[in-house]
Amino acid sequence: QVQLVESGGGLVQAGGSLRLSCAASGRTSSNYAMAWFRQAPGKEREFVAVISGSDGRTYYLDSVKGRFTISRENAKNTVYLQMNRLIPEDTAVYYCARDSRAGRAVLPQMAQMAQRYDYWGQGTQVTVSS
């Protein structure tokens with residue numbers, strides 16, 4: 001069993017920054033891709049970013065490219081999402097998720113599919129005021 005716990009959310013003004021963390025515990029391995037998704041009120045959950053567990057490749061939602069950076073610190077079993085130049089449209093609950101298969105290649109279109117991931121955190125709220 002794996003537990004994922006997000007932290008770092010909060011209220012920030014437009015143009016500000018936040019860094020989200022996702023700490024994994026239990027039967028963890030650095031060989032799994034890890035992703036961030038978000039869900040705004042009244043909207044479906046959407047993919048934000050993913051980082052490969054095998055080669056460190058990253059992919060992003062187009063609207064966050066150049067503003068968000070996903071990274072991982074395997075020694076701490078932690079994945080981060082650095083969010084800069086936040087805009088009100090970034091307001092959502094942010095979730096981290098773990099790929100259901102270790103060592104799987106991360107392809108952009110496939111990595112965006114929520115059903116690819118089997119473990120999810122409880123989410124952390126990010127609110128960006130205008």
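The basis for the numbers below is simple: all heavy atoms, side chains too, and nothing from hydrogens, waters or symmetry mates.
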Quick one: closest heavy-atom pair of [X] and [Y], and the distance?
X	Y	value
Leu4	Ala97	CD1-CA, 3.9 Å
Ala14	Ser130	CB-CA, 4.4 Å
Tyr95	Arg45	CZ-NH2, 3.6 Å
Gln125	Val93	OE1-CG2, 3.2 Å

[X]: salt bridge (charged side-chain N to carboxylate O under 4.0 Å, His left out) partners, not counting sequence neighbours:
X	result
Arg67	Asp90
Arg104	Asp99
Arg98	Asp118
Arg57	Asp55

Pairs flagged by disulfide bond (SG atoms under 2.5 Å apart) wherever residues 17-130 is involved - sequence neighbours left out
Cys22-Cys96
Using atom types as modelled and distance alone, determine if a side-chain donor or acceptor of Thr124 lies under 3.5 Å from a backbone N or O of Ser7.
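No.
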Tell me whether Thr127 contacts the main-chain N or O of Thr91 through its side chain, where contact means a donor paired with an acceptor under 3.5 Å.
no
Intermediate values then yes/no, side-chain contact (heavy atoms from CB on, under 4.5 Å), Val64 and Arg38:
CA-CA 12 Å; Val64 308; Arg38 67 186 182 186; 4.0 Å; yes
ring-ring contact (aromatic ring centres under 6.0 Å, His included) partners for Tyr117, two or more places apart
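With sequence neighbours excluded, Tyr117 shows a ring-ring contact (aromatic ring centres under 6.0 Å, His included) to Phe37, given in chain and number order.
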Treat each ILVMFWY residue as a node, draw an edge where side-chain heavy atoms are under 4.5 Å apart, and state whether Phe47 and Tyr119 are in one component.
no
Does any donor atom in the side chain of Ser25 or Gln3 lie under 3.5 Å from an acceptor atom in the other side chain?
yes
side-chain contact (heavy atoms from CB on, under 4.5 Å) partner of Trp36, chosen from Leu61, Val50, Val79:
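Among Leu61, Val50, Val79, the one meeting side-chain contact (heavy atoms from CB on, under 4.5 Å) with Trp36 is Val79.
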Within-4.5 Å side-chain heavy-atom neighbours: Glu6 and Leu20:
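With C-beta onward as the side chain, the pair stays apart.
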Reported CG-to-OH distance for the pair Leu107 and Tyr59, which is rounded to 0.5 angstrom
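One finds 6.5 Å between CG of Leu107 and OH of Tyr59.
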